[in-house]
> 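Quick one: this structure, given as structure tokens, is what I'll be asking you about.
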Amino acid sequence: MNPFSSGTRLRDMIRAIRACKTAAEERGVVRKECASIRAAISENDQDYRHRNLAKLMFIHMLGYPTHFGQMECLKLIAAPGFPEKRIGYLGLMLLLDERQEVLMLVTNSIKQDLNHNNQYIVGLALCALGNICSAEMARDLAPEVERLLQFRDPNVRKKAALCTIRIIKKVPDLAENFINPAASLLKEKHHGVLLTGVQLCTDMCRVSTEALEYFRKKCIDGLVKVLRDLANSPYAPEYDVSGITDPFLQIRLLKLLHVLGRGDSDASDTMNDILAQVATKTESNKNAGNAILYACVATIMSIEDNSGLRVLAINILGRFLSSRDNNIRYVALNMLMKAIALDSQAVQRHRATILECVKDSDASIRKRALELVYLLVNESNAMSLTKELVDYLEVSDEEFKDDLTAKICSIVEKFSPEKIWYIDQMVKVLSEAGNYVKDEVWHALIIVVTNSSNLHGYAVRALYKAVQTSGEQEILVRVAVWCIGEYGEMLVSDAGMLEAEDPITVTESDVVDVVEAAIKRHSLDLTTQAMCLIALLKLSSRYPSCAKRINDIILHQKGSLVLELQQRAIEFTSIIGNYEKIRSTLVERMPVLDEATFSGRRAGSVPAAISTSQGALPKMPNGVAKPTSAPLVDLLDLSSDDVPAPSSSGGDFIQDLLGVDLSPASEGINQTQKSGTDVLLDLLSIGSPSAQNSSSMLDILSSGQDSKSSGSMLSNLASSFAPESILDTLASPSAPSAQASSPVGSSSMMDLLDGFGPSPSPPVAKTNGPATYPSIVAFESSSLKMTFNISKEPGNPQTTLIEAQFFNKSSDIYSNFVFQAAVPKFLQMHLDSASSNTLPASGNGSITQKLRISNSQHGKKSLVMRTRISYKVNDKDVLEEGQVSNFPRDF
């Protein structure tokens with residue numbers, strides 16, 4: 001007998017497949033068996049049809065295609081016998097899904113089976129419908145399922161309830177038809193029917209507001225009674241799980257109460273007593289009891305406010321944290337994170353237990369506990385919690401130090417009560433996990449130190465002591481070397497000694513030893529070595545007795561393979577050897593770094609909504625000021641799909657802004673000239689928070705002040721580029737007219753940029769005058785109003801002429817008035833000079849300024865513009881920002 005004939009038993013085929021030693025052998029067996037099944041299907045073999053389908057289901061589970069046997073499922077379902085129907089429905093659920101078009105052919109067979117007098121066949125049809133029901137089938141068969149919810153047999157009612165869940169998920173509109181039958185299921189005595197009925201009601205409440213209100217009014221008392229009976233019922237062998245009566249049903253009931261009590265104070269009051277009873281009487285030494293307690297806590301947290309119950313729930317979670325089971329502790333930490341928003345004081349009582357979880361051996365619990373501790377920190381407990389976390393940082397695992405360090409640094413910056421505490425904690429973090437500290441964190445530390453003149457000596461001594469014990473932490477070395485270069489003389493003379501500080505004896509040679517050791521230990525890091533060289537140059541002026549030794553150390557870098565280090569070494573040795581008279585001037589201390597600029601760059605982009613900020617910069621707890629203006633990137637980042645995202649590279653940024661083609665293939669641009677973008681970035685102070693008088697690119701380009709040095713530098717830079725268009729998105733309203741002649745040395749930066757960019761196109765000759773349109777209010781705040789008078793030139797629909805008019809709405813005079821604008825790349829804009837830079841008080845006049853915009857995508861894209869207006873009022877700087885998107889259509 002052929003072992004692969006259609007009459008082969010299923011277990012023989014399974015044995016043959018299991019005997020295969022390779023995948024190729026298995027494919028061969030499956031291929032032969034599929035061929036035999038196809039032959040049997042073509043011969044319409046009815047005797048072995050159910051066996052062939054059973055084989056196909058096994059082959060399908062192995063991952064082989066079985067689409068050729070789908071119609072066999074429908075034939076078996078249409079058969080009169082129960083065995084054939086059972087295999088047919090099983091194949092239907094396994095081989096098909098709701099996306100198969102052939103499924104429409106089985107709808108009538110399922111409908112007939114739902115009305116069958118054999119309850120087992122009815123159960124088969126309900127199971128299949130509950131698994132593969134589509135929206136069309138749900139609409140067609142919903143009446144039969146609704147009728148079966150009152151069927152005499154509890155197993156059929158249970159399956160009908162599960163099938164109803166599938167139907168209302170596919171067609172939520174049908175939920176209203178099942179409200180009364182579902183409510184009747186809540187009165188069942190059979191736990192299986194009651195369990196499915198509760199789940200059905202829960203799902204109906206989520207998809208139908210009408211069902212939710214009905215169950216709140218009609219069923220909540222009955223649900224409370226059922227839950228109370230379960231909680232107080234005696235031992236029942238049929239439903240007992242670890243001494244608890246039917247925990248599955250109790251959890252389902254609690255979840256339904258969760259849904260019913262949310263947002264309804266009356267329903268919450270009704271269930272308060274039973275929730276307190278379940279929370280206090282349920283045993284917590286068994287897993288089933290813990291599951292009920294967790295569901296009870298989740299319900300208490302979701303219903304309307306009851307402070308006593310919430311404290312009880314949080315105490316239960318606190319007990320969970322003491323459990324040995326990692327799963328219980330993890331879910332408790334998750335729930336406590338949600339509970340903080342409801343009752344932070346109750347969660348604070350378990351702070352010690354939560355801190356112990358941070359030290360747990362399980363990585364997932366450590367991470368979740370750390371996130372919870374971070375949420376618990378406030379002004380009153382920041383110092384104690386930070387101390388605990390810093391102490392644990394010393395013994396924590398390496399893979400955990402990254403997250404722990406980031407959280408500690410964030411806490412220290414956010415809740416620092418004073419700068420000396422901030423410096424102490426950051427030094428500890430740098431000493432223990434300096435290599436995990438991000439760049440912006442240690443940059444912020446340096447800025448805080450520079451802005452704390454009374455702590456310069458204390459900071460440099462603390463860093464000197466830390467680097468001697470933790471010199472392998474590269475970030476610590478960078479900060480220490482920077483401070484030693486700036487305040488090295490205070491380290492030797494013990495200047496700025498605080499009362500609580502222990503005096504130390506440090507010689508000039510000792511300080512140089514530290515820097516020399518750093519430059520040798522971190523020989524592979526360019527940033528650290530460069531900072532060491534700069535520190536040595538500064539120390540050569542502060543420590544004249546060590547100048548020769550410092551020069552010898554720097555000389556070793558003249559042979560470096562890194563061009564940057566080699567160049568610095570040559571320049572620094574030349575300064576030390578040949579320019580002793582001016583060396584002290586060259587290596588003066590850095591000016592106090594601008595906290596506002598650095599803080600603004602760390603904070604990210606400013607929202608596109610109109611913002612007004614007045615007065616002095618507000619201070620954050622760590623001494624870093626909040627910004628009042630956004631960088632140029634934010635100004636150009638219009639809220640439009642037409643505006644491309646700014647590139648992260650400096651070259652692309654300058655190319656987009658100034659229209660300069662910096663690609664290697666561009667005519668007249670070679671690799672040396674391409675590197676000039678870095679020079680331009682440095683000149684315009686983009687991305688550099690370390691210059692005292694540095695301003696954003698907008699401020700420089702819009703400045704009307706003359707700068708001889710800046711003008712000459714920009715002129716030299718201009719010779720390296722061959723731009724096609726420069727600065728067609730910004731112009732200075734306060735700059736002199738482009739036709740005015742002035743020497744290059746005294747011209748403003750705006751004039752210089754206009755000098756090597758294309759001159760604006762001359763106005764188009766007007767025949768009958770430009771077409772005018774109604775004026776629009778482009779911007780308005782409580783203190784300022786800007787209107788646009790718009791016109792079009794005849795025969796040139798791409799060009800729009802705008803006359804901006806500014807009105808003062810207050811009784812104060814606005815001085816240093818500057819208007820700036822930016823447009824996307826498909827627009828070209830030219831701004832004329834403003835009529836004045838002083839805006840008189842309300843009713844005494846206005847300022848006008850003309851704009852000319854060319855739309856290269858006219859008819860496809862409309863005009864859009866980001867504006868920025870700055871002025872002074874009562875010696876306070878004010879910045880107004882906004883977006884103009886209400887231009888007439890088709891502009």
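Below, each value reflects all heavy atoms present in this structure, side chains not excepted, and no hydrogens, waters or symmetry copies. Counting begins at 1 with the first residue of the sequence.
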> Considering residues at least two apart in sequence or located in another chain, which fulfil the side chain to side chain donor-acceptor pair (under 3.5 Å) criterion with Ser380?
Asn378

> Would you call Arg157 and Glu188 a salt bridge, using N to O less than 4.0 angstrom?
yes

> So which pairs with a foot in residues 329-341 pass side-chain hydrogen bond (donor to acceptor under 3.5 Å, both in side chains), sequence neighbours left out?
Asn326-Arg329, Arg329-Asp360, Tyr330-Arg368, Asn334-Arg368

> Is a side-chain donor or acceptor of Ser410 paired with a backbone partner of Lys407 at a separation under 3.5 angstrom?
no

> Which heavy-atom pair separates Leu76 from Gly88 by the least distance, and what is that distance?
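Heavy atoms of Leu76 and Gly88 come nearest at CB-CA, 3.7 Å.
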
> Would you compute the distance between atom CD of Gln425 and atom NZ of Lys428 and round it to the nearest 0.5 angstrom?
4.5 Å

> Please list, chain by chain and in numerical order, all residues satisfying side chain to side chain donor-acceptor pair (under 3.5 Å) with Asn131, sequence neighbours excluded.
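Applying side chain to side chain donor-acceptor pair (under 3.5 Å) to Asn131 gives none.
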
> So, does Ser208 use its side chain to make a donor-acceptor pair with the main chain of Cys205 at under 3.5 Å?
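Checked: no pair found.
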
> State the CG-CZ distance between Leu370 and Phe400, to the nearest 0.5 angstrom.
4.5 Å

> Taking all atoms of both residues into account, what is the closest heavy-atom pair of Val207 and Ala175, and its distance?
CG2-CB, 4.1 Å

> Given side chains that start at C-beta, do those of Leu385 and Arg351 come closer than 4.5 Å, heavy atoms only?
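They are in side-chain contact.
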
> Below 3.5 Å, can you tabulate the donor-acceptor pairs from side chains in residues 239-246 to any protein atom, sequence neighbours excluded?
{"unit_1": "Asp240", "atom_1": "OD1", "unit_2": "Gly243", "atom_2": "N", "d": "3.4"}
{"unit_1": "Asp240", "atom_1": "OD1", "unit_2": "Ile244", "atom_2": "N", "d": "3.4"}
{"unit_1": "Asp240", "atom_1": "OD2", "unit_2": "Gly243", "atom_2": "N", "d": "3.2"}
{"unit_1": "Thr245", "atom_1": "OG1", "unit_2": "Ser233", "atom_2": "OG", "d": "3.0"}
{"unit_1": "Asp246", "atom_1": "OD1", "unit_2": "Leu249", "atom_2": "N", "d": "3.2"}
{"unit_1": "Asp246", "atom_1": "OD2", "unit_2": "His191", "atom_2": "ND1", "d": "2.7"}

> Which heavy atom of Pro154 sits nearest a heavy atom of Val193, and at what distance?
O-CG2, 3.3 Å

> Scan residues 338-394 for pairs that pass ring-ring contact (aromatic ring centres under 6.0 Å, His included), counting only residues two or more places apart or in two chains.
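Qualifying pairs: none.
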
> Should we say atom NZ of Lys401 is surrounded by more than 12 heavy atoms from elsewhere, each under 6.0 Å from it?
yes

> Between the side chains of Asp391 and Lys387, is the shortest nitrogen-to-carboxylate-oxygen separation below 4.0 Å, so that they form an ion pair?
yes

> Would the distance check show the side chain of Asn381 and the main-chain N or O of Ser384 forming a donor-acceptor pair, the cut-off being under 3.5 Å?
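Here the side-chain-to-backbone pair does not exist.
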
> Which atom pairs, one a donor and one an acceptor, fall under 3.5 Å between side chains of residues 209-230 and the rest of the protein, sequence neighbours left out?
{"unit_1": "Glu213", "atom_1": "OE2", "unit_2": "Arg216", "atom_2": "NH1", "d": "3.3"}
{"unit_1": "Tyr214", "atom_1": "OH", "unit_2": "Asn180", "atom_2": "OD1", "d": "3.2"}
{"unit_1": "Arg216", "atom_1": "NE", "unit_2": "Leu260", "atom_2": "O", "d": "2.8"}
{"unit_1": "Arg216", "atom_1": "NH2", "unit_2": "Leu260", "atom_2": "O", "d": "3.4"}
{"unit_1": "Arg216", "atom_1": "NH2", "unit_2": "Arg262", "atom_2": "O", "d": "2.7"}
{"unit_1": "Lys225", "atom_1": "NZ", "unit_2": "Asp229", "atom_2": "OD2", "d": "3.2"}

> Side-chain contact, heavy-atom cut-off 4.5 Å: Leu372 with Ile340?
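Answer yes - side chains close enough.
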
> Kindly state each residue pair satisfying side-chain hydrogen bond (donor to acceptor under 3.5 Å, both in side chains) with at least one member in residues 76-86, sequence neighbours excluded.
Lys85-Asp113

> Take a 6.0 Å sphere around NZ of Lys255 and say whether it holds more than 12 heavy atoms from other residues, nucleotides or ligands.
no

> For Phe248, I'd like to know if atom CZ has over 12 heavy atoms of other residues, nucleotides or ligands within 6.0 Å.
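Counting neighbours around CZ of Phe248, 12 or fewer heavy atoms of other residues, nucleotides or ligands fall under 6.0 Å, so no.
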
> Do Glu304 and Asp264 touch side chain to side chain, with heavy atoms closer than 4.5 Å?
no

> Checking Asp397 now: which residues fulfil salt bridge (Lys or Arg N to Asp or Glu O under 4.0 Å) with it, not counting sequence neighbours?
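Partners of Asp397 under the salt bridge (Lys or Arg N to Asp or Glu O under 4.0 Å) test: Arg366.
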
> For the CD atom of Gln277 and the CE atom of Met271, what is their distance to the nearest 0.5 Å?
14.5 Å

> Over all heavy atoms of both residues, which pair between Ile354 and Ala369 is shortest? Give the atoms and the distance, please.
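For Ile354 versus Ala369, the nearest heavy atoms are O-CB, 3.9 Å.
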
> Report, one line per pair, each donor and acceptor closer than 3.5 Å where one atom sits in a side chain of residues 134-151; sequence neighbours left out.
{"unit_1": "Ser134", "atom_1": "OG", "unit_2": "Met137", "atom_2": "N", "d": "3.4"}
{"unit_1": "Arg147", "atom_1": "NH2", "unit_2": "Leu114", "atom_2": "O", "d": "3.2"}
{"unit_1": "Arg147", "atom_1": "NH2", "unit_2": "Asn115", "atom_2": "OD1", "d": "2.7"}

> Donor-acceptor pair, Thr270 side chain versus Asp266 backbone, under 3.5 Å?
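Looks like yes, one N/O pair under 3.5 Å.
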
> How about Glu388 and Val358: do any of their side-chain heavy atoms sit closer than 4.5 Å?
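Side chain of Glu388 against side chain of Val358, heavy atoms only: no contact under 4.5 Å found.
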
> Kindly state each residue pair satisfying ring-ring contact (aromatic ring centres under 6.0 Å, His included) with at least one member in residues 86-125, sequence neighbours excluded.
none

> Any side-chain hydrogen bond (donor to acceptor under 3.5 Å, both in side chains) involving residues 281-303? Give me the pairs, sequence neighbours left out, ordered by first then second residue.
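Passing the test, one end in residues 281-303: His258-Ser302.
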
> Could you list the residues that satisfy ring pair (Phe, Tyr, Trp, His ring centres under 6.0 Å) with Tyr64, not counting sequence neighbours?
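Ring pair (Phe, Tyr, Trp, His ring centres under 6.0 Å) list for Tyr64, sorted by chain: empty.
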
> What I'd like to find out is whether the side chain of Leu309 reaches to under 4.5 Å of the side chain of Asn272, using heavy atoms alone.
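Yes. Closest side-chain heavy atoms under 4.5 Å.
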
